[in-house]
Amino acid sequence: MPNYLEILRLDSLNHSQRTIESTVHCSRHTVRSVLQAAKEKQIAWPLDDDITNAELEEILFPGKYKSGCRYVEPDYPYIHRELAKPGVTMALLWEEYCRKCHEAGETPYMSTQFGDKYRRWARVTKATMRIQHKPGDAMQVDWAGDTLPVYDLVTGKQSPAYLFMAVLPCSCYTYAEVCEDMKTENWLSCHVHAFQYFGGVTRLLIPDNCKTATTANTRYETVLNRSYQELAEYYGTAIVPARVRKPQDKSAAEASVRFAQTWIIAALRERKFFSIREMNEAIAEKLEELNNRPFQRMAGTRRSAWLEEEKPYMLPLPAVPFEAAVWSVAKVPNDYLVSDGRNKYSVPYNLIGEKVDIRVTKTAVEVFYHGSRVASHRRLQTLQREPLVKLEHMPLAHQKYLTYNAEDFSRWAMSIGPMTEKVVQHFLTSGVAPEQGYKACASLKKLGERYGRERLENACGRILAYSTTPSVRNISSLLKNGQDRPAKVAEQDKPADSNRFGITRGASYFQKGGEG
């Protein structure tokens, strides 16, 4: 038997055909036919270490050296193509192969031999990729370990930029993008951009165990990040995180990260970037070069494999891209305000002390309590000193306070009387701004509701009679002690008593010798 392995090895080293003939001791016709068959079968050196000459002979020249073979050789390229289709298995293809053989009156291989022979062919032709990964079935994602520096245009200070990678393991089609951090908002946005770049959605999404993907991944359960789960539900995909410390679960992403570190990060090492946008433009150019680079051991490129074998099997994109949202939990403080990390927004005051879920997008801030939305605000894009508060979220007293104004207080005082009007005007004008007197005016209104309009007018008149600087405290004391009333009315209100001194037993009791 000719040494097929040695012929292919020497040919890969660019030895002449005459040199190969003399080395392996074969005729030129044998060497020529072996090299021609290897080219037709797309078999190239190096091959796996466990490949034997007998196995290679069977693939290069099926049935040629076995006379009287009564078994029909399967169509291996056909099996390979069909296995890439969703739902197609080796068992199904073997049954179809058997049916064709029986119809033609020929003998098929048993299922074990059928599978072994195909796997041997796939191993020799480097076609194992399609066995392990179905087209459009999964998208593997990861952050690259190395970073790219971004320089400040003024100070020259550099800050790191983090490279996000997404890969379709069947075709190895790759997407890359840099972000200023690895927080949830950028993590979700990168996924949206990757789906748009691939032109579809995969059935599965395989991330690492970062906090933006999972909050817990134990032996018994996996708890997904709520924001990440929301993205998966929107696109109709399922998240299956890799096992903890098991990078082989997403080997395609790991390999693509290493490949990207060479052809993207290392290729751009001599360039200086002054913005994330500028860096992403350069990465997009390198990404096209990477996806259009020919495979070393297979025909085609990542892009051609994606177009021909994978894109038709991907799920369609929604009409509108997903809007990235970040979820968090907060306890409502006494001022009934929650934060998006920069500004504050109101929630109903009756939720003070309760835990609520906060959903933040680029344009909105939503608050949920027990699954029901209780508040919604437009998100402030710049830092504001004042919180964004809705009137219906405030207690009634706080709502009244917001409606206070000088004109309303003046009209109310005029309806009470001239003395009350003078007191109110003093409150509104004694400070630098009228708003400084609103609290005193509001307290005066409460005294009027409690003691009546007439008594309030009298109390204001009594205060103004001996002071030019009335206060709510003095007016309240007059009303409480009844000193706002005229003296005659106060005497009539006292109970009739014959003993005006208020001594119960009288003076005669205490006279000397008096009887008790």
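We number each residue from 1, following the sequence as shown.
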Q: Report yes if some heavy atom in the side chain of Leu224 is under 4.5 Å from a heavy atom in the side chain of Pro241; otherwise report no.
A: yes
**Q.** Parallel, tilted or perpendicular: rings of Tyr336 and Tyr349 (30°, 60°)
**A.** perpendicular
Q) Only one of Phe322, Tyr234, Tyr235, Tyr175 clears ring-ring contact (aromatic ring centres under 6.0 Å, His included) with Phe195; which? A) Tyr235
Q.
I need the full list of side-chain hydrogen bond (donor to acceptor under 3.5 Å, both in side chains) pairs touching residues 385-394, with sequence neighbours left out, sorted by first then second residue.
A. Ser346-His393
Q: Could you list all the side-chain hydrogen bond (donor to acceptor under 3.5 Å, both in side chains) pairs where at least one residue sits in residues 415-424, not counting sequence neighbours?
A: Thr420-Glu457
Indicate every side-chain donor-acceptor pair of residues 185-193 with a distance under 3.5 Å to a residue at least two apart or in another chain.
from: Asn186; atom 1: ND2; to: Asp181; atom 2: O; distance (Å): 3.4
from: Asn186; atom 1: ND2; to: Asp181; atom 2: OD1; distance (Å): 2.7
from: Trp187; atom 1: NE1; to: Thr212; atom 2: O; distance (Å): 3.4
from: Ser189; atom 1: OG; to: Glu185; atom 2: O; distance (Å): 2.9
from: His191; atom 1: ND1; to: Trp187; atom 2: O; distance (Å): 2.8
from: His191; atom 1: NE2; to: Tyr228; atom 2: OH; distance (Å): 2.8
from: His193; atom 1: ND1; to: Glu177; atom 2: OE1; distance (Å): 3.1
from: His193; atom 1: ND1; to: Glu177; atom 2: OE2; distance (Å): 3.1
from: His193; atom 1: ND1; to: Ser189; atom 2: O; distance (Å): 3.4

Q) For the atom pair OH (Tyr345) and NE2 (His377), what is the distance rounded to the nearest 0.5 Å? A) 8.5 Å
Q.
Can you see whether Asn343 engages Asp340 through a side-chain donor-acceptor pair at a distance of less than 3.5 angstrom?
A. no
Q. With sequence neighbours left out, which residue pairs that include part of residues 413-456 fulfil the ring-ring contact (aromatic ring centres under 6.0 Å, His included) condition?
A. Phe409-Tyr438
Residue [X] excluded, over 12 heavy atoms near [atom1] under 6.0 Å:
{"X": "Asn481", "atom1": "CG", "answer": "yes"}
{"X": "Met414", "atom1": "CE", "answer": "no"}
{"X": "Glu354", "atom1": "CD", "answer": "yes"}
{"X": "Arg411", "atom1": "CZ", "answer": "yes"}

Q.
Going by side-chain hydrogen bond (donor to acceptor under 3.5 Å, both in side chains), name the residues that satisfy it together with Gln196, two or more places apart in sequence or in a different chain.
A. none
**Q.** Sole residue of Glu323, Arg379, Arg378 in side-chain hydrogen bond (donor to acceptor under 3.5 Å, both in side chains) with Thr363
**A.** Glu323
Donor-acceptor list for residues 325-333 side chains, cut-off 3.5 Å, not counting sequence neighbours:
from: Trp327; atom 1: NE1; to: Glu230; atom 2: OE1; distance (Å): 3.1

**Q.** Ala161 to Ile276 - nearest heavy-atom pair and separation
**A.** CB-CD1, 3.8 Å
